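See structure below.
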Amino acid sequence: MSAVQRQSRFERSDDVVVMKFGGTSVEDAAAIRRLFGIVRSRLGSRPVLVVSALARVTDQLLEAGNAAAAGHLGSALAIVRNIYVRHEQLADSLVDESAYSVLDGELRGEFRELESLLHGLEASCELTLKSRTLCWASGERFSSRLLKEALCQAGIKAAHVDAQACIVTDARHAGAGPVWDVTEQRLQENVIPLLESGHVPVLGGFIALTSDGVPTTLGRGGSDFSAAIVAAALCASRLEIWTDVDGIMTADPKICADAHLIRKMSFDEAEELAHFGAKVLHPATLAPAMRENIPVHVLNSRRPEGEGTEILARAKTGNLVSAITAKRKVAVVEIESAGGVDSEFLRAVSAVFDRHSCAVDLMALSLGRMSLLVGSAASLPAIAGDLRGVAEVRWENHKALVCLVGESIRRHPDVASRVFAAVSDMDVRVICQGASDRTISFLVEESNVEESVQRLHGVFFPQPEPARDWGGINSAFCQAG
Ligand code: ADP
Ligand code: ASP
Ligand code: MG
């Protein structure tokens, strides 16, 4: 049967819910047992699970790769050994003896491959993008196999689906994008028969392959994006992102203790928030959901009874400023050209940034000079080298972009003046009124980021319940609207 026929047999009315569980939602046996309860409550809606690596494993895999490439094979192997023991102990507490021996065989095979990769890295003294991807991919390969076995043991008929056999991407190793046609077809071919036979399919998030079979990842935090790809391919009726906070909040609760839950917001606003650093969603997650008009729910796996945040096409938060976020590790790049900045120059510069997979955030032009913001300075020395003779490239590190998001925030000039007033004593470098109406952002020293977000939160969300604040700017907007 062709993919098109399958698609037409499997429409939105065939309820499918895609549920993504982040690292903290599978971090230990207690978290995984909570997950069983959550999945049981969705069995009537044909759940498909997408799972991250156990909390902290991706960072540890990177640490192991770096250590091996730096010649510290012993410490690299010790890190990987600890990861293996953690998985083995989890398996031991979640599955019975016969399932354990099968699972342990699979895990040992995966770990042997990882160990030989580390030996290779020690010999080559280099952690290329490709080998970093190979290290990283193990995390989700382990967690998805473990979770499938644990679900079966808990009486939930689960089946493992190899995400790398389904999600096909371009070759950008650390932040690839899907090749949609083939990915949709493979997901439908691999997942739909399992749903039809009453299984709960389990896929590892984050990981994929190019059409030539080279491993890739969808970028840090990319399991959210994997889940959105799966949801779009299956025309799911709902995408659930299960994490460690109650939903999308007015600010990162790790920065603002009085941040409060946003119950509903639009795809557009959520996308801006994610793009400007709100880690709770990978920035690419919303596009596939938006395209297929699939509601996205962000929920707390530690408090599954909570309502969470619902993200829909036209939802409104009811506040002028919906949330405040910050993107760290930003670098400001100045590119100066003696020959002036024309379209040919812009093309040449953009080709060099593309070649080094360096995504540009914001750009300003003036006579003979461009200013850019980039999310990482790592490739700037190489970029400056490639542009030598064409332009002079200088940059400053350790900046952060603080961003206010709200549906039509730019149409209210009083917001910008309140922002200025709140941070007037700080070294504010650039005020950027975003390309859309929905953001106002400014650059500060990274060391000032927490203070600026807290101050702005105090200004725009003066009480935990802004709806009751009849004197504040948000309520003024509610009344007017
Ligand atoms: P997961 O492992 O489940 O993918 P992440 O750590 O990637 O979880 O994302 C959840 C984290 O996002 C939260 O613990 C929180 O600190 C952070 N975060 C940043 N901004 C926000 C926000 N506006 N609302 C909620 N959480 C946020
Ligand atoms: N494990 C990956 C990371 O930590 C992907 C994810 O968790 O979404 O970035
Ligand atoms: Mg995440």
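The analysis underlying the following values was restricted to heavy atoms, covering all of them including side chains, and did not include hydrogens, waters or symmetry mates. Please read these numbers as outputs of a predicted model, since none were measured by experiment.
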Without swapping roles, check the side chain of [X] against the backbone of [Y] for a donor-acceptor pair under 3.5 Å.
X: Thr183; Y: Val179; value: yes
X: Arg302; Y: Val245; value: no
X: Thr309; Y: Ile262; value: yes
X: Ser143; Y: Ser52; value: yes
X: Gln164; Y: Pro215; value: no
X: His282; Y: Ala284; value: yes
X: Ser301; Y: Thr243; value: yes
X: Asp28; Y: Ala31; value: yes
X: Asn448; Y: Val444; value: no

Would you check if [X] and [Y] make a side-chain contact, meaning some heavy-atom pair closer than 4.5 Å?
X: Ile409; Y: Leu404; value: yes
X: Phe142; Y: Tyr84; value: no
X: Arg145; Y: His87; value: no
X: His199; Y: Leu195; value: no
X: Val16; Y: Cys235; value: no
X: Pro283; Y: Leu273; value: no

Any residue meeting side-chain hydrogen bond (donor to acceptor under 3.5 Å, both in side chains) with His457, in chain and number order, not counting sequence neighbours | Thr250
Which word best sums up how the rings of His260 and Phe461 line up, parallel for under 30°, tilted for 30 to 60°, or perpendicular for over 60°?
-> perpendicular
So, [X] versus [Y]: side-chain donor-acceptor pair below 3.5 Å or not?
X: His160; Y: Ser144; answer: yes
X: Thr169; Y: Thr216; answer: yes
X: Ser266; Y: Glu407; answer: yes

Please report the shortest heavy-atom distance between [X] and [Y], naming the atom on each side.
X: Val50; Y: Ser226; answer: CG1-CB, 4.1 Å
X: Gly306; Y: Leu299; answer: O-CD2, 3.9 Å
X: Lys329; Y: Glu446; answer: N-OE1, 3.2 Å
X: Gly139; Y: Val57; answer: CA-CG1, 3.9 Å
X: Pro47; Y: Val39; answer: CG-CG1, 4.4 Å
X: Val26; Y: Ala53; answer: CG2-O, 4.3 Å

Salt-bridge contact [X]-[Y] (side-chain N to carboxylate O under 4.0 Å):
X: Arg328; Y: Glu450; answer: yes
X: Arg220; Y: Asp59; answer: yes
X: Glu310; Y: Arg263; answer: no
X: Glu269; Y: Lys316; answer: no
X: Lys254; Y: Asp252; answer: no
X: Arg291; Y: Glu184; answer: yes
X: Arg86; Y: Glu88; answer: no
X: Arg42; Y: Glu240; answer: yes
X: Arg46; Y: Asp15; answer: no

Are more than 12 heavy atoms, taken from residues, nucleotides or ligands other than [X], located less than 6.0 Å from that residue's [atom1] atom?
X: Glu305; atom1: CD; result: yes
X: His398; atom1: NE2; result: no
X: Asp96; atom1: CG; result: yes

Step by step, would you call Phe267 with Val296 a side-chain contact (heavy atoms from CB on, under 4.5 Å)?
-> CA-CA 9 Å; Phe267 284 131; Val296 180; 4.0 Å; yes
Quick check, are the ring centers of Phe225 and Phe206 under 6.0 angstrom apart?
-> no
In sequence, state the C-alpha distance, the side-chain angles, and the governing distance for Thr133 and Thr217, and then conclude on side chain to side chain donor-acceptor pair (under 3.5 Å).
-> CA-CA 7 Å; Thr133 303; Thr217 71; 5.2 Å; no
Residues two or more places apart in sequence or in another chain: which of them pass salt bridge (Lys or Arg N to Asp or Glu O under 4.0 Å) with Asp246?
-> Arg303
Using the side-chain contact (heavy atoms from CB on, under 4.5 Å) rule, take Leu94 and Gln153 through it: C-alpha gap first, then chi angles, then the decisive distance, then the call.
-> CA-CA 7 Å; Leu94 291 167; Gln153 197 72 53; over 6 Å; no
